[in-house]
Protein chains: 4
Amino acid sequence: MGTQQAVHDPPPPSARVQRKRGKRIQEILNAAAELFGERGYDAVSLEHVAERLDVTKGSLYYYFSSKDELGTAAIETLGDEWTARLERLLGQTPGTPGARLRALIHEHVGIAVHDHPAALRLFLVPREWPAEQRERIKGLRRRHDTLFRTLVEEGIASGEFTVTSIDTVLQCMHAAMSQAPIWCAELPAAARKKAVAEVADTLMALVRSAP
Amino acid sequence: MGTQQAVHDPPPPSARVQRKRGKRIQEILNAAAELFGERGYDAVSLEHVAERLDVTKGSLYYYFSSKDELGTAAIETLGDEWTARLERLLGQTPGTPGARLRALIHEHVGIAVHDHPAALRLFLVPREWPAEQRERIKGLRRRHDTLFRTLVEEGIASGEFTVTSIDTVLQCMHAAMSQAPIWCAELPAAARKKAVAEVADTLMALVRSAP
Amino acid sequence: MGTQQAVHDPPPPSARVQRKRGKRIQEILNAAAELFGERGYDAVSLEHVAERLDVTKGSLYYYFSSKDELGTAAIETLGDEWTARLERLLGQTPGTPGARLRALIHEHVGIAVHDHPAALRLFLVPREWPAEQRERIKGLRRRHDTLFRTLVEEGIASGEFTVTSIDTVLQCMHAAMSQAPIWCAELPAAARKKAVAEVADTLMALVRSAP
Amino acid sequence: MGTQQAVHDPPPPSARVQRKRGKRIQEILNAAAELFGERGYDAVSLEHVAERLDVTKGSLYYYFSSKDELGTAAIETLGDEWTARLERLLGQTPGTPGARLRALIHEHVGIAVHDHPAALRLFLVPREWPAEQRERIKGLRRRHDTLFRTLVEEGIASGEFTVTSIDTVLQCMHAAMSQAPIWCAELPAAARKKAVAEVADTLMALVRSAP
DNA sequence: GATGAATGAGATTTCATTCAT
DNA sequence: AATGAATGAAATCTCATTCAT
C-alpha cells in the first residue's frame, strides 16, 4: 500500500493556485486522492478522509470550504504531480519521437499502476459539479494530453508514425492507460512490471499502423 | 407444531427468489440502467428511478430486495443484451478474422456510443458490493471478452494478426471501446458516426502490428 | 342500499368463535402464534407469516382484517387451547388440592416448555392496541388464573395450604411458569423434562409456607 | 506515504469507539431506557428518543452507531446501576442469610416497581441482535444472579434454607421479581408499597420449603 | 379464495455542513 | 488549528394495507 515515494520537490512547480503552502494540506490532499481513487468520490465520506488522517471531520473545513473543493484540489494535485513527472522524464529522454513516446507511455502507465491505482475513478467527475470545477479538471487532462500529442505530431512530421486520426489515437491511448491499473490490480504484484511494459509496446502499434 | 409443511431453516425469511421476468421488470431495469449510466450508480437514488417510471420508490422493492440487487440486475440485463447483439452480428458477418473483428469492434463501439453512452460507469462496480454480485458482473465481462478473444486467436492462427500479448491487446481494446462514448458525447451528433468508424480502424492496428 | 347486505354478514370477526370455520384459519393462527412467540409481535411481519404458510401476504386479509386482529386471534386460540388442556387434566386428576395443584402446575409448565416456548412474548401485548383487544386478552388470563385460584382456595379452606396473600402467590406462580420456557430453552433437550418437574416442586413451596 | 500511522485493516471505517461517558450520553441512555421499558424496544423509534431529549434523531448517531447499539447500552446502564444499588444495600445489611436475602428481594422488587416499571421488556432482547450484544446482556444477568445465589448458598450451608434445586429456585425468583412491576402497575399507587413487601415475603417461601 | 402489484407512511441510517469553544 | 456537538436533508429500506383480477 501507500507506496508512492512522494516527490518531495520544493514548492509545487506550478504556482498554479493560491494553495496554502502547509504540508498539512498536502497530507490531506494525498489521503483524499488515495481514498477517492480507491472507492470513488461518492463512496468516500469526509469522515473516511478525516479518519485516515486521524483528525476530525470538522477540521477539514479549516482547509477546504466543501467536499467538492477538496475533491477538485485532490485531483488537481494528483494531475500536477503526474504531469510534472512526465515532463521530467521527457527532459531526460533523448531520441526519436518513437523512442520518447514509448518511454512516455511506459512512465504514465507505471505511475498509474504503481502509484495511483484506480485514478481512473477520479476523473469520472460528478456531473453536477459546478462548471468551473469541471473546467479545472479538463484543463489538467489537456495539459496531460499535450505531452502525448506533441510527440505524436513530431513522429508524423518525421514520417516515423502513420496515423489516420490523431484525436482518436490519443483518446484510445489514454483510455487504455487509465484502465490499466484496474486490470493490473488483479495480477500478482510480481507480474505487474512486465504488464506495464507490454501495455507500452502494445499501444505503440496505434501510431505505427501501415494502411 | 400443526401443519406447516416445510422446515424453514433460517429465521430471517429474507431470500427473495428471482422474480418472474415480466414486462414491468424490464421497464425498471431499463430505466435504472439508463440513469445509472448517465450519472453514476451512487448519484442515482431510488427515487430518481421511481420517478422516471412514475411509481413510488417503495414499489421497486417489490421487484428487487435492495438497490444493489437492482444495480446488479441492471448491469446484467445490459450486458446480456449487448452480448446478444454482438453474437447476432457475428452470425451475419462472414469473412476473414480481420474483417469480422473490425465489424465486431465497430458494432461494440456503436452500441456504446449510440445506445448506452456512459455504460462504462456501470461497470465500475462499487467495491463494497458483495462478492457474489461482483462475480456475476465479472462473468458478463468474460462472456463479452470471449467473443473478441476467439477472433483474435483465429487471426493469429491464420497468420493474419501479429500480436505480442493477447491479453494486453484485449484489455486495451476493451478500455478504448468503453471510454469511447464519453469523449464522443462531446462531439456534435453528426460527427459521431464517423468517430465510431475511426475508433474501429484505429484499434485494428493493435492486432496488425508488424515488428 | 343499506339493509340488503345486512343479511350478508360476512362472518363477523367479532363473534368469539367464528373460528371452527375452516382449518385454513387454524393453520394461519398456528403459524402466527408460533412466529409471534418466537420473535415478538412487532418483529414478525405479515410476510413472515405468509411465507411460512406458503401463501401471499395479501391473502391473509381474506381471513383477518388487520395484523392486530390476527395477533389477537392467535393469542386467543393459543389461550383457549391451553386452558382446555388444563381443564381436561384437572378432570382426570383426583386427589387433594395439593396433588391437583401440583399436577396443574406441572402440566402448565410442560405445555409452555414443550409446545409454546416463548409464549411469554405473546402476552406482552402492545400498549397501543385498542382497549377491546386488550380486554379480550386479559380475559384469557383470568380464565386461566381461575383454575389455579380455585385450587389454592380449596387448599386454604381445607387447611392444606398456608398463604398470606393469595393474589401475590398466584402472580409469582404465573410469572415463573411463563418464564420457564425461556431458561429451559438453553438446557439440553434431555434435561428439560426434569426441569419441568423441578419447577413444579419448587413452586409448590409458595402455598405450603409454614409461618 | 506521509502520515497515516495506522494500518486501517477493514476498508469500512465503521468501528466507532466507545465514546466518553459524558453527561449527555447518560441523558440519552436514560431517556432510551425509559422509553424502551415503557413501550417495548421495537415500538420506540429513534425519533421518539430524540424528541424526548429535544434533539434531532440524526444527532443520536453521534453517540451510537445504531439503534441496537443504543438499545444494548441502555440495558447495560440500567443493569449496572441496578446491580450497584443491590450491592450497596447488601453492604449495609447485616444479619443472617435469610434476613439479608429478604432485604435483597425487597430492594430488587422495589427498584423494579418504583423506578423501572416494565424493565422486563428491556431484557427480552430481540433474537436477531448480534451475538456479541446478546452476550453483553447475559453477562449483566449473571452478575445480578450471583448476588442472590451467594446468599442462597450461604443459607443452605448454615442450615437456614432447604432447597431442592438452587437453579430452579433462582430462576423462579427472578421471574417473579421481573414481572412484579407489570402487575403492580395496575394497583393504585398507594397499594404498591405493601405489594412489594408481600412479594418479598412470598418469595422467601421458595427457600424455606420443608419436604 | 388467492395473487400480484402498488402505495404511503414511517423507520433507520448517512453525511455534508455549521458553529461555539 | 482543531474538536465536539449538533443539524437537516436525503437516502435506503420496511411494512401494513388496498385493490383489481
Side-chain angles (χ1 to χ4, degrees), chain A residues 20 22 24-25 28 42-50 53-71, chain B residues 14 16 19-20 22-25 28 42-50 53-71, chain C residues 10 22 24-25 28 42-50 53-71, chain D residues 12 14 19-20 22-25 28 42-50 53-71:
Chain A
K20 299 185 214 137
R24 201 67 222 262
I25 287 230
I28 297 176
D42 289 308
V44 173
S45 75
L46 288 185
E47 191 150 86
H48 292 336
V49 179
L53 291 161
D54 217 29
V55 296
T56 58
K57 236 187 333 185
S59 95
L60 297 178
Y61 280 84
Y62 180 78
Y63 299 97
F64 300 95
S65 61
S66 74
K67 189 189 179 188
D68 282 359
E69 255 264 323
L70 171 57
Chain B
S14 57
R16 247 170 241 246
R19 308 226 184 227
K20 298 182 309 191
K23 172 160 74 77
R24 202 66 217 267
I25 284 228
I28 297 176
D42 290 306
V44 173
S45 78
L46 289 185
E47 191 143 78
H48 290 331
V49 180
L53 291 161
D54 214 34
V55 295
T56 59
K57 75 199 134 136
S59 97
L60 297 178
Y61 281 85
Y62 180 72
Y63 298 97
F64 301 96
S65 57
S66 72
K67 189 189 178 187
D68 283 0
E69 257 258 325
L70 172 55
Chain C
R24 200 67 221 260
I25 288 225
I28 297 176
D42 289 307
V44 173
S45 74
L46 288 186
E47 192 149 84
H48 291 336
V49 179
L53 290 162
D54 217 29
V55 295
T56 58
K57 235 186 337 183
S59 94
L60 296 178
Y61 280 84
Y62 181 78
Y63 298 97
F64 302 95
S65 60
S66 73
K67 188 188 179 189
D68 283 358
E69 255 263 324
L70 171 56
Chain D
S14 56
R19 309 225 184 228
K20 298 181 307 189
K23 170 161 76 75
R24 200 66 216 266
I25 284 229
I28 298 176
D42 289 306
V44 174
S45 77
L46 289 186
E47 192 144 77
H48 290 332
V49 179
L53 290 162
D54 213 34
V55 294
T56 58
K57 74 197 134 132
S59 98
L60 297 178
Y61 281 85
Y62 182 74
Y63 299 95
F64 302 95
S65 58
S66 72
K67 189 188 180 187
D68 284 359
E69 256 259 325
L70 171 55

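Residue numbering restarts at 1 for every chain, and letters A, B, ... go by the order of the sequence lines.
In this entry the distance linking CD of B:Glu47 with P of E:dT13 reads 20 Å, nearest Å. The nearest whole Å value for the distance from the NZ atom in D:Lys23 to the C1' atom in F:dA5 is 13 Å. One atom, NE2 of B:His48, and another, C1' of F:dA10, lie 10 Å apart when rounded to the nearest Å. Between the CG atom of D:Leu46 and the P atom of F:dT12 there is a distance of 19 Å, given to the nearest Å. Per the geometry, NZ belonging to A:Lys67 stands 11 Å off C1' belonging to E:dT14, to the nearest Å. Distance CG (B:Asp42) to P (E:dT14): 14 Å, rounded to an integer number of Å. Distance C:Phe64 CZ to E:dG1 P: 12 Å, rounded to the nearest Å.
For B:Asp68, the side chain to side chain donor-acceptor pair (under 3.5 Å) criterion is met by B:Tyr41, B:Trp129, not counting sequence neighbours. Partners of D:Thr56 according to the side chain to side chain contact (heavy atoms under 4.5 Å, CB included) rule, which considers only residues two or more places apart in sequence or in another chain, are D:Ser59.
D:Val55 has its side chain out of reach of D:Ile28: every pair of non-hydrogen atoms, C-beta onward, lies at least 4.5 Å apart. At a threshold of 4.5 Å between non-hydrogen side-chain atoms, the residues D:Tyr63 and D:Leu70 do not count as touching.
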Output one line per pair: protein atom, nucleotide atom from nucleotides 6-8 of chain F, and distance, for all N/O pairs under 3.5 Å.
{"unit_1": "F:dA6", "atom_1": "OP1", "unit_2": "D:Arg24", "atom_2": "NH1", "d": "2.3"}
{"unit_1": "F:dA6", "atom_1": "OP2", "unit_2": "D:Tyr63", "atom_2": "OH", "d": "2.3"}
{"unit_1": "F:dT7", "atom_1": "OP2", "unit_2": "D:Thr56", "atom_2": "N", "d": "3.0"}
{"unit_1": "F:dT7", "atom_1": "OP2", "unit_2": "D:Thr56", "atom_2": "OG1", "d": "3.2"}

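Here the closest non-hydrogen pair linking B:Leu46 and B:Lys67 is CD2-CG, 3.9 Å.
Within 4.0 Å of C:Val44, counting heavy atoms only, lie sugar-phosphate atoms of the nucleic acid but no base atom.
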Which string of ( ) [ ] | and . matches DNA chain E, if you list each base 5' to 3' and count Watson-Crick or G-U pairs only when both distances are under 3.5 Å? .||||||||||||||||||||

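Nearest-nucleotide mapping onto DNA chain E: of B:Ile28 and D:Ala43, the residue sitting toward the 5' end is B:Ile28.
Here the OG atom belonging to D:Ser45 is positioned 8.0 Å from the NZ atom belonging to D:Lys57, to the nearest 0.5 angstrom.
When each of E:dT17, F:dT12, E:dT13 is scored by its nearest atom to the side-chain atoms of A:Tyr61, the top-ranked nucleotide is E:dT17.
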